[in-house]
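In each ligand, atom 1 is the first atom listed, and ligand 1 is the first ligand listed. Only this structure's heavy atoms are used, side chains among them; waters, hydrogens and symmetry mates stay out.
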Amino acid sequence: MGLVRVLVVGGGGREHALVWALGKSPVVEKIYAAPGNDAMGDMAQLLDIADKDVPALVDFAAKNAISLVVCGPEVPLALGLADQLKTRNIACFGPSKAAAQLESSKGFLKDLCAKYNIPTARYGRFGAPAPAKEFLDSMSAPYVIKADGLAAGKGVIIAETRKQAEAAIEDMLSGQFGDASAEIVIEEFLHGEEASFFALTDGEAILPMVAAQDHKRAFDGDKGPNTGGMGAYSPAPVFTGEIYTRTMEEIIEPTVRAMGEEGMPYCGVLYAGLMICEDGPRLIEYNVRFGDPECQILMRRLQSDLAPVLMACASGELADHRLDWSGRSAALIVMAAKGYPGAYEKGSVIKGLDAAAAMEGIEIFHAGTRREGEKWLANGGRVLNITALADNGPEALERAYRAVARIEWPEGFYRSDIGWRLREWMEDE
Ligand code: AMP
Ligand code: GLY
């Protein structure tokens, strides 16, 4: 394999970790990031191109001999980034617009699961309130109401009462999320423990990655509003060898085959959001990209060279590849601006980053910062990802929290109970 020039699309913590991993590769000649963030500046050349500006991304890639585009977020893929790159013969790590429907249309996903017998929650699809409300008769509380399309992670309502469920149906179908909620899915509430599992596929060959667990709620005790994720760790004890085998055989492999049969082979990473139920794993949702912050801890555990694998995935040659993972554990704490996921201020000063980053086993990925001279300023909702690698999960968490304690940022907050499930598992043993 010759030297490659890579364009990473996106500018958050996930993309910082991808740039960091690609930057270690002997086959990568140069990395560009669009738009990237200041913390990637010493590893990648930052471009003033928004991640959603598909024509500008394609144009840049074509004019600058880019051999691989690695797309972090889902929106450019749902807009057809991979399809347009293909017309210029540029490899893209990430699915076509059609295949990206696995994430961009919940109805598409549910129908696919029904057709190919992939275990998920029982459901109905609706475009009008009356039949949707009637469907609630066949369900019991809590009710799960989902906008069909992409709603920046806000399109799922878990309604405790029938009244709340009916209100959510009315709100969504009357345009709460615009076109994204012109149609809705109502589904059965699944009981169990959630886990995220990742697998690479080129449409035929499948290369399993590892599992992780994140923490969606903003505050300790899993309280407060849903966020993009406040902390994560890998491996996840709930994802046992048996659950892994069943997930591959009952969910991942049938999905890859199904997408091929539907004439829209899937290329990229499949991020399966799973509920580990009493009777086995069930699919809650797919994302057509890496998780953020899960990607960051996957990159900490990955021992193989990432670049050739992503390249092979994008060009249909994944079958000959394998991935080596550290047997150690990775943990991640998100530091966010006070107010997130609601309104928050930008521009506060963050100190102590160098001291924290120098601690043993620590790597810091920036999700929303800006550099001004020697100073680091907060520039987003989720701002920093403090990651640690250690011999086991609890030690990794402890290390990460010791590094967090070195960071001086009064305008920020973090959860102090990341990994509570992990500790429970360890105590049970
Ligand atoms: P999603 O955007 O599909 O990931 O949904 C957001 C969150 O809602 C998930 O991570 C779950 O915690 C929860 N959720 C979604 N669907 C279900 C379901 N059928 N049963 C239980 N919880 C669900
Ligand atoms: N951490 C959840 C997500 O990336 O969707």
What atoms of ligand 1 come within less than 4.0 Å of a heavy atom belonging to [X]?
{"X": "Met275", "result": "21 (C), 22 (N)"}
{"X": "Glu187", "result": "16 (N), 17 (C), 18 (C), 19 (N)"}
{"X": "Val156", "result": "1 (P), 2 (O), 3 (O), 5 (O), 8 (O)"}
{"X": "Lys106", "result": "2 (O), 3 (O)"}
{"X": "Glu285", "result": "1 (P), 2 (O), 3 (O), 4 (O)"}

Does this structure show an ion pair linking [X] with [Y], if we count only N-O contacts that are shorter than 4.0 Å?
{"X": "Lys338", "Y": "Glu411", "answer": "no"}
{"X": "Glu103", "Y": "Arg289", "answer": "yes"}
{"X": "Arg328", "Y": "Asp391", "answer": "yes"}
{"X": "Arg322", "Y": "Asp324", "answer": "yes"}
{"X": "Arg415", "Y": "Asp222", "answer": "yes"}
{"X": "Asp148", "Y": "Lys110", "answer": "no"}
{"X": "Glu193", "Y": "Arg421", "answer": "yes"}

Check contact between [X] and ligand 2, using heavy atoms of the residue and a distance below 4.0 angstrom.
{"X": "Gly291", "result": "yes"}
{"X": "Arg14", "result": "no"}
{"X": "Pro293", "result": "yes"}

Legend entry - Side chains of Met259 and Leu112 in contact at under 4.5 Å (non-hydrogen atoms):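 SC-SC contact between Met259 and Leu112 confirmed.
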
Legend entry - Candidate with minimal heavy-atom separation from atom 13 (C) of ligand 1, of Ile158, Ile145, Asp214, Leu150: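 Minimum heavy-atom distance to atom 13 (C) of ligand 1 goes to Ile158.
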
Among all protein heavy atoms, pick the one closest to [atom] and tell me residue, atom and distance.
{"atom": "atom 12 (O) of ligand 1", "value": "Glu194 OE2, 2.4 Å"}
{"atom": "atom 16 (N) of ligand 1", "value": "Lys146 NZ, 3.0 Å"}
{"atom": "atom 5 (O) of ligand 2", "value": "Arg289 NH2, 2.9 Å"}

Legend entry - Centroid-centroid distance, Phe126 to Phe135, less than 6.0 Å: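 Ring centroids of Phe126 and Phe135 are less than 6.0 Å from each other.
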
Inset, instruction - Could you tell me how the ring of Phe198 sits relative to the ring of Tyr271: parallel (under 30°), tilted (30 to 60°) or perpendicular (over 60°)? - result: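 Plane angle between 30° and 60°, so tilted.
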
Inset, instruction - Give the contacting part of Leu190 toward ligand 1: side chain, backbone, both or neither, where contact means a heavy-atom distance below 4.0 Å. - result: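 Answer for Leu190: both.
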
Legend entry - ligand 2 to Gly228 polar contact by distance, N or O atoms, under 3.5 Å: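 Right, the criterion is met.
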
Inset, instruction - Looking only at distances, please establish whether an N/O atom of ligand 2 is found under 3.5 Å from an N/O atom of Glu294. - result: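 Looking only at distances, the answer is yes, because the N/O contact criterion of under 3.5 Å is met.
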
Legend entry - Sub-4.0 Å atoms of ligand 2 with respect to non-hydrogen atoms of Asp214: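 Heavy-atom distances to Asp214 below 4.0 Å select 1 (N), 2 (C).
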
Legend entry - Those atoms of ligand 2 less than 4.0 Å from some heavy atom in Tyr271: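 Under 4.0 Å from Tyr271, ligand 2 has these atoms: 1 (N), 2 (C), 3 (C), 4 (O), 5 (O).
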
Inset, instruction - Work out which heavy atom in Phe219 is nearest to a heavy atom in Gly224; give both atom names and the distance. - result: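 Phe219 and Gly224 have their closest heavy atoms at CD1-CA, 3.6 Å.
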
Legend entry - ligand 2-proximal atoms of Glu285, by part, heavy-atom distance under 4.0 Å: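 Neither part.
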
